[in-house]
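The block underneath contains the structure these notes are about, expressed in structure tokens.
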Amino acid sequence: MVCLACFGNSATRARIKINVRGVYFSVALNNKYNKFEMAGRGRGGKTGTLTAEQLQALGCVGKDMPQVQTAPPPTFPPVLNKPIALETTAVQNYQLLWKEDFLNRMRDSPYYIISASQELQKTELKDWREKAVERLKHKALPEFNYKAMPRELNTTHRKRRGVDAKPKILAKKTNIEDRLKVLEQKELKTSGDNDTDEVKVKQESDSDHEDEDQEDPEAALDDEMDEENDYGNSYFDNGEAYNEEDDNLDDGPVY
Amino acid sequence: MSADYARLSSVVLEQCFGKVVQSVAECLFAASTRTLSQIATATNLTRKEAGLALAVLIKFRLVSFKASTGNPFLPEYSLKREDVICLLRYSRYIHLVQTKYGNVGASIAEELLNAGSETANGLLLKCLVNAENKTENAESYRDTFLRMIGDHYIIKMPELTTGDDQDDCVPKFLTNECDFFGPPNIDLQLLAKIRKGEASLADATNSIVWGMNYDRFHQEFRDTVMVDAIERKLGENAAECFRYILKLMYCNTDPWQRRVSNHITFVQLKQAIEKQSNNLDLMKHLDQYITLLADDSLGFLRKVGDMGSGQYVVDLEKSFESLAFACVEAVITERFGSKAARIFRVIRMKKYIEQEDLQKEAMIPSKEAKSLAYNLFQEQFIHVKVIKKPGGGGTGPAKSFYLFQIKSKDTVRMLLDTCFKALYNTIERSNFEKSEHKGLIEKSQRLDSIVEAMKERGESEDYIAEIAETFTPPEVEILNKVKNRIKTLSKAELTLDDTIFLLQMYQHHCTTLPTGITKFK
């Protein structure tokens with residue numbers, strides 16, 4: 001028989017006396033964690049699964065001993081007691097309808113995200129009718145307050161690295177015929193003046209060359225090629241310099 | 001947080017936000033905090049997709065972020081794990097708002113839940129666009145919105161602080177507890193202009209964001225659980241009396257105080273009831289109802305003094321212990337039978353009991369008692385305490401005594417995990433049924449829409465019946481079966497959530513475990 005008596009002399013710690021078959025045990029009760037700690041020698045062991053000896057002590061002898069389970073239990077074991085049927089109330093019906101409606105709305109909302117690969121798989125599986133319906137459906141754009149989110153999440157207005165540093169020179173679209181005429185006139189002009197002042201022409205041609213660089217699309221493209229860009233054109237090797245210099249590799253080590 | 005809860009939250013997020021958000025949330029669930037790059041690597045998603053999923057989760061207040069301790073320019077994200085289950089309770093929130101504020105309130109709450117969080121102007125504008133054909137005007141929407149804020153069902157989200165470049169990388173927010181429920185200025189004229197297209201939403205200066213205060217709803221559900229229990233046991237008048245006690249309790253106590261409330265005097269209660277109630281019977285026998293409540297074994301109300309004609313406290317710890325264990329006993333009765341429930345009650349009453357004494361106390365034949373006790377032990381409803389006594393003089397073999405006991409917290413946690421697992425299984429089974437009979441369900445939906453369109457066009461009944469007959473009787477039979485199965489599963493989801501809520505309340509009020517429940521969420 002077990003009887004409990006609490007001798008609480010402090011608010012947090014108290015001792016309990018347990019009488020088991022005439023033997024008294026003193027157990028400390030820690031109120032804070034509601035844990036029992038044995039006093040003195042003989043602390044309580046694990047209280048997980050029981051050994052055969054422990055089960056015998058509990059009264060399970062011979063046929064009463066439960067069989068040891070070695071395999072996992074069946075996935076769908078038979079139900080011993082049939083569960084009672086749930087009552088349907090008006091409140092439940094309202095909640096069920098609303099929930100179904102909510103999930104459908106969420107599925108059509110822009111916040112239901114499908115990755116590109118999943119989208120591709122989905123479209124492959126769909127027939128022409130479903131695809132037509134999908135095309136008719138236009139998902140609204142998601143509304144995010146990106147000011148209240150970390151900057152890295154804002155994918156709509158992301159600045160590209162190096163855009164501010166140096167804008168790229170783009171080739172202008174020009175009318176080729178007009179351009180040829182202008183160049184012809186220039187050529188004629190320069191040939192006329194050639195006799196008068198050769199030095200002046202040289203200076204002019206230098207200055208013109210600068211202008212042409214800005215106007216001529218090909219020149220602009222060449223310039224772009226000369227500049228260091230992502231494709232690393234400056235590292236291009238046409239093979240002409242091959243075997244010209246040996247980088248002093250044959251000279252042996254330098255001490 | 002258990003593995004069962006992890007699986008449940010994953011499937012709930014998949015239902016609402018799709019697979020990308022699900023994988024991001026799974027990744028966050030496994031760790032306390034993660035950066036965007038870590039998430040993208042772990043989930044095999046592109047950085048853009050992972051970022052979008054995080055933006056969705058932040059908008060729906062399921063993920064929080066803060067600057068990394070090592071690098072203040074690098075944000076770290078963490079999942080609000082305990083809030084994921086709130087997604088399952090949205091229908092309950094809406095129903096509560098519907099009963100309190102009518103259709104206007106329900107449509108406001110619905111829009112707010114659909115958007116996660118929203119500015120007052122944006123929210124009211126959406127409601128007004130949706131309610132174009134209805135009689136409600138903008139003023140009624142504004143007034144209901146303000147009432148909902150006043151009753152703390154809607155809460156102001158922390159305000160953004162503007163500052164240096166670091167704040168731009170990882171925004172910081174200013175939380176002011178005193179200003180969570182300050183009413184906003186809503187300009188109805190501006191709203192009307194926006195609707196006409198004469199102004200844009202960006203013109204509105206008020207950029208405060210509002211969201212649902214989930215724990216205010218949970219407070220209401222908790223009160224309902226307690227009041228309903230009293231109504232079932234002690235009748236309507238006692239339930240009404242307890243409702244007034246709870247009202248008084250909230251005047252001087254934090255609603256989420258864990259153990260007991262602050263003191264309430266009988267005089268205070270009497271004055272409140274006389275002022276607000278029309279129930280003459282309750283007024284006449286108030287002292288008797290109070291004594292009944294205080295003496296009841298449920299232990300909801302406890303007398304602590306005689307000041308003011310009697311001083312009482314609401315014992316939340318005792319009340320949720322009683323309710324949770326009533327639930328545990330009901331589960332045992334359904335699973336193992338009433339005799340097992342009797343064994344459980346005997347062990348709970350005696351605290352520690354030996355096998356031999358157990359069968360005598362429960363008055364059950366020894367073989368049956370052993371078998372039932374073993375089943376209960378195997379399913380972890382009861383536990384065994386081993387007490388060893390050394391042999392004579394410390395030299396002999398130790399004598400051991402095995403006592404049955406109930407570790408209440410462990411039992412409740414085990415049952416809670418079982419509920420999470422059952423809820424996960426229910427949702428999965430429901431999804432399976434839907435995907436298995438997808439073709440049939442879609443065919444019936446298409447047919448319904450065709451029939452509806454034909455009715456609108458005024459086609460003849462015979463022709464409509466002919467079209468409807470394309471759905472063969474065996475197909476109709478299968479469809480009805482599937483629909484019934486899905487409905488039963490959905491009902492089970494609601495009922496399971498009720499049990500989960502009760503057990504979570506037990507964990508909040510009877511343990512010191514962190515439950516994430518606060519006054520302001």
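Below, chains carry the letters A, B, ... as their sequence lines are ordered, and counting in each starts from 1. This one's a predicted model, so the numbers in the text were calculated from it and none came from an experiment. Side-chain atoms are counted along with the backbone in the values below, which use heavy atoms only and exclude waters and symmetry mates.
Residue contact with chain A, scored on non-hydrogen atoms closer than 4.5 Å, involves the side chain of Phe65(B) exclusively. Interface residue Glu118(B): only side-chain heavy atoms are found under 4.5 Å from chain A. Contact of Glu143(A) with chain B is made through backbone and side chain together, with heavy-atom distances under 4.5 Å. Heavy-atom distances place the side chain of Phe173(B), and not its backbone, under 4.5 Å from chain A.
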Q | Verdict with supporting geometry, Lys487(B) and Asn93(A), side chain to side chain contact (heavy atoms under 4.5 Å, CB included) | A | CA-CA 9 Å; Lys487(B) 199 179 173 185; Asn93(A) 270 337; 3.6 Å; yes
**Q.** Worked verdict on Gln98(B) versus Trp98(A) for side chain to side chain contact (heavy atoms under 4.5 Å, CB included)
**A.** CA-CA 12 Å; Gln98(B) 165 87 29; Trp98(A) 191 88; over 6 Å; no
Q: Show your reasoning for whether side chain to side chain contact (heavy atoms under 4.5 Å, CB included) applies to Leu103(A) and Cys16(B).
A: CA-CA 6 Å; Leu103(A) 289 178; Cys16(B) 296; 4.0 Å; yes
(Q) Before you tell me yes or no, could you show the steps for Val209(B) and Asn145(A) under side chain to side chain contact (heavy atoms under 4.5 Å, CB included), namely the whole-Å CA-CA distance, both residues' side-chain angles and the distance that decides it to 0.1 Å? (A) CA-CA 10 Å; Val209(B) 180; Asn145(A) 180 13; 4.3 Å; yes
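Atom NZ of Lys434(B) has more than 12 heavy atoms from other residues, nucleotides or ligands within 6.0 Å. The environment of NZ in Lys66(B) is sparse: at most 12 heavy-atom neighbours from other residues, nucleotides or ligands sit within 6.0 Å.
Between Leu113(B) and Phe102(A), the shortest heavy-atom distance links the atoms O-CE1, 4.4 Å. For Pro75(B) against Glu152(A), the heavy-atom pair with the smallest separation is CG-OE2, 3.2 Å.
With salt bridges taken as basic N to acidic carboxylate O contacts below 4.0 Å, one links Arg105(A) and Glu110(B).
In terms of heavy-atom pairs under 4.5 Å with chain A, the best-connected choice from Glu14(B), Lys59(B), Gln22(B) is Lys59(B). By number of non-hydrogen pairs under 4.5 angstrom with chain A, the leading residue of Leu52(B), Leu54(B), Val21(B) is Leu52(B). Your options are Leu160(B), Ile94(B), Ile58(B), and the one with the most heavy-atom pairs under 4.5 Å with chain A is Ile94(B).
The ring pair (Phe, Tyr, Trp, His ring centres under 6.0 Å) check on Phe60(B) picks up Tyr111(A), Phe17(B), with sequence neighbours excluded.
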Under 3.5 Å donor-acceptor pairs involving side-chain atoms of residues 488-498 of chain B, not counting sequence neighbours:
{"from": "Thr488(B)", "atom 1": "OG1", "to": "Asn484(B)", "atom 2": "O", "distance (Å)": "2.7"}
{"from": "Ser490(B)", "atom 1": "OG", "to": "Ile486(B)", "atom 2": "O", "distance (Å)": "2.8"}
{"from": "Lys491(B)", "atom 1": "NZ", "to": "Thr88(A)", "atom 2": "OG1", "distance (Å)": "2.5"}
{"from": "Glu493(B)", "atom 1": "OE1", "to": "Lys99(A)", "atom 2": "NZ", "distance (Å)": "2.7"}
{"from": "Thr495(B)", "atom 1": "OG1", "to": "Lys491(B)", "atom 2": "O", "distance (Å)": "2.8"}
{"from": "Asp497(B)", "atom 1": "OD1", "to": "Arg89(B)", "atom 2": "NE", "distance (Å)": "3.0"}
{"from": "Asp497(B)", "atom 1": "OD1", "to": "Arg89(B)", "atom 2": "NH2", "distance (Å)": "3.4"}
{"from": "Asp497(B)", "atom 1": "OD2", "to": "Arg89(B)", "atom 2": "NE", "distance (Å)": "3.3"}
{"from": "Asp497(B)", "atom 1": "OD2", "to": "Arg92(B)", "atom 2": "NH1", "distance (Å)": "3.4"}
{"from": "Asp498(B)", "atom 1": "OD1", "to": "Arg92(B)", "atom 2": "NH1", "distance (Å)": "3.4"}

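Rounding to the nearest 0.5 Å gives a distance of 15.0 Å between OH of Tyr90(B) and CD of Gln95(A). To the nearest 0.5 Å, atoms CD (Gln92(A)) and OG (Ser91(B)) are separated by 10.0 Å.
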